[in-house]
Amino acid sequence: MSYNIRYGRGTDDRIDLERIASVIASFEPDVVALQEVDVHRTRSGGIDQAAELAQRLGLTATFAPAIVEDGDSRYGNATLTRLPVLSTYQLALPHRGHNRRSEPRCALVTRLAWDGGELDMVNTHLSIFPSERPGQVSTLMSDLHGDEVIIAGDFNCTPWSTPFKTLCCGLTPATRRARTWPSRLPFVPLDHILFRGPLEVVRSGSWVTPEARRASDHLPVIAELAKPEVVRGAA
């Protein structure tokens with residue numbers, strides 16, 4: 001699952017992390033990539049949202065701050081998983097800062113043990129400015145070294161955009177046309193999951209529940225992936 005949680009602020013402007021946890025739990029993902037996660041920020045009650053969600057869901061959390069403010073106040077991406085975490089690191093993405101609304105962006109890369117091998121989970125949130133996204137995608141592509149890779153996040157662009165098409169040169173889209181924004185009546189596919197390696201898509205799409213329509217301004221996207229022999233065995 002990939003989910004921009006808008007620090008738990010729903011379409012009713014109420015911050016409720018329990019709603020976010022409930023939406024995630026309804027799919028029971030092995031891995032969930034979260035964007036717009038607050039850690040010790042005043043606006044969301046000063047809690048560590050990554051750790052709090054991990055505890056509620058019984059998962060392990062890793063976190064990469066895109067923005068660090070005074071003290072321990074941070075904002076960025078969190079990856080929660082039930083799989084063994086082998087390593088993790090943060091990748092800074094190009095940021096021009098030419099506009100006051102432009103924010104620093106990053107990717108969180110978490111290497112996981114899965115099905116007797118290793119899987120790199122890349123969680124990212126690209127710029128809202130089209131001029132910044134091509135450089136960010138280029139940086140991501142140059143860092144994808146694993147044989148099995150999943151990249152997920154809020155790309156702030158559609159499948160018809162140049163940055164997305166660039167990603168498709170080395171990755172296979174699992175959720176190409178899943179509409180996620182705005183959550184109440186979604187018509188734009190901004191959140192995506194792509195992969196590389198010997199994997200097949202069992203099912204994918206937007207995760208639509210009444211609670212998901214309220215919990216954030218984005219719907220989550222989901223992709224169930226399996227090794228081809230597992231898919232054939234199930235058939």
Side-chain angles (χ1 to χ4, degrees), residues 1-6 31-37 62-68 74-79 81 85-112 114 117-181 188-199 201 204 218 220-221 223 225:
M1 174 182 279
S2 181
Y3 194 10
N4 181 329
I5 67 170
R6 194 166 67 157
V31 186
V32 54
L34 304 177
Q35 303 84 44
E36 297 194 16
V37 180
T62 57
F63 177 76
I67 297 176
V68 178
R74 294 169 288 163
Y75 169 78
N77 307 324
T79 297
T81 182
V85 176
L86 302 177
S87 64
T88 182
Y89 66 92
Q90 179 173 337
L91 178 66
L93 301 180
H95 163 63
R96 297 179 183 177
H98 60 282
N99 186 296
R100 67 183 182 85
R101 292 185 61 215
S102 178
E103 297 179 352
R105 303 284 173 165
C106 72
L108 171 60
V109 184
T110 307
R111 177 157 291 184
L112 305 169
W114 180 62
E118 296 181 354
L119 172 71
D120 285 344
M121 180 69 198
V122 183
N123 174 7
T124 194
H125 186 188
L126 302 184
S127 175
I128 61 172
F129 293 100
S131 62
E132 294 185 336
R133 289 196 291 266
Q136 293 171 351
V137 166
S138 177
T139 299
L140 284 171
M141 293 296 287
S142 66
D143 194 71
L144 301 181
H145 304 303
D147 294 329
E148 295 185 14
V149 177
I150 296 174
I151 178 169
D154 177 0
F155 294 177
N156 273 312
C157 61
T158 72
W160 304 281
S161 66
T162 298
F164 188 90
K165 291 177 180 177
T166 299
L167 286 169
C168 289
C169 291
L171 298 160
T172 300
T175 55
R176 184 186 294 273
R177 297 174 187 266
R179 300 177 181 182
T180 57
W181 187 88
V188 186
L190 295 181
D191 303 85
H192 307 283
I193 300 172
L194 301 94
F195 65 93
R196 180 171 72 200
L199 302 170
V201 181
S204 67
H218 286 244
V221 287
L225 304 172

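- Contact record, Thr139 with Ala92: CG2-O, 3.9 Å, taken as the closest heavy-atom pair.
- Although no hydrogens or angles enter the test, the distance criterion places a donor-acceptor pair under 3.5 Å between the side chain of Thr124 and the main chain of Cys106.
- Side chain of Glu148 to main chain of Gly146: no donor-acceptor pair is present (N/O by atom type, distance under 3.5 Å, no hydrogens or angles).
- In this structure, the separation between OG1 on Thr158 and CZ on Arg176 is 10.5 Å, given to the nearest 0.5 Å.
- Closest non-hydrogen pair, Ala152 versus Ala33, comes out as CB-CB, 4.3 Å.
- Here the CZ-CG distance, from Arg111 to Asp120, works out to 4.0 Å after rounding to the nearest 0.5 Å.
- In this structure the side chain of Ser138 never reaches within 4.5 angstrom of the side chain of Thr166, judged on heavy atoms.
- Inter-residue side-chain proximity for Val201 and Leu225 is flagged as met; some heavy-atom pair is nearer than 4.5 Å.
- With hydrogens and angles ignored, the 3.5 Å screen pairs no side-chain donor or acceptor of Thr81 with any backbone N or O of Val31.
- Between Asn123 atom CG and Asn77 atom CG the span is 4.5 Å, to the nearest 0.5 Å.
- Crowding of Arg6 atom CZ: a count of heavy atoms from other residues, nucleotides or ligands under 6.0 Å exceeding 12.
- Side chain to side chain, Ser127 and Gln136 fail the donor-acceptor criterion of an N or O pair below 3.5 Å.
- Here the NE2 atom belonging to His95 is positioned 8.5 Å from the CD atom belonging to Glu103, to the nearest 0.5 angstrom.
- With Leu190 as the partner, the side-chain contact (heavy atoms from CB on, under 4.5 Å) test is satisfied by one option alone out of Asp154, Ile128, Leu126: Asp154.
- Taking every heavy atom of both residues into account, Glu132 and Ser102 meet most closely at OE2-OG, 2.8 Å.
- Looking only at distances, no side-chain donor or acceptor of His218 sits under 3.5 Å from a matching main-chain atom of Tyr3.
- The side-chain heavy atoms of Leu194 and Phe155, taken from C-beta on, include a pair separated by under 4.5 Å.
- Within the 4.5 Å cutoff, the side chain of Leu171 has heavy atoms near those of the Leu144 side chain.
- The backbone N or O of Cys157 lies less than 3.5 Å from a partner atom in the side chain of His192, making a donor-acceptor pair.
- Using a distance-only test at 3.5 Å, with no hydrogens or angles considered, a donor-acceptor pair links the side chain of Arg133 to the main chain of Asn156.
- For the pair Ser204 (side chain) and Ala174 (backbone), a donor-acceptor distance under 3.5 Å is present.
- Residues Ala78 and Phe63 come closest through the heavy atom pair CB-CD1, 4.0 Å.
- Here CG of Leu167 is found 5.5 Å from CD1 of Ile151. Values are rounded to the nearest 0.5 Å.
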Item to check | Stepwise side-chain contact (heavy atoms from CB on, under 4.5 Å) test for Asp143 and Tyr89 | outcome: CA-CA 11 Å; Asp143 194 71; Tyr89 66 92; 2.5 Å; yes
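- Atom CG of Asn4 and atom CG of Asp191 lie 6.0 Å apart (nearest 0.5 Å).
- With a 4.5 Å cut-off on side-chain heavy atoms, Leu112 and Leu86 do not count as touching.
- By the 4.5 Å heavy-atom criterion applied to side chains, Ile193 and Met1 are not counted as neighbours.
- Using a 4.5 Å heavy-atom cutoff, the side chains of Pro189 and Trp160 are in contact.
- Remark: Thr172 pairs with Phe195 by the side chain to side chain contact (heavy atoms under 4.5 Å, CB included) rule, at least two apart or across chains.
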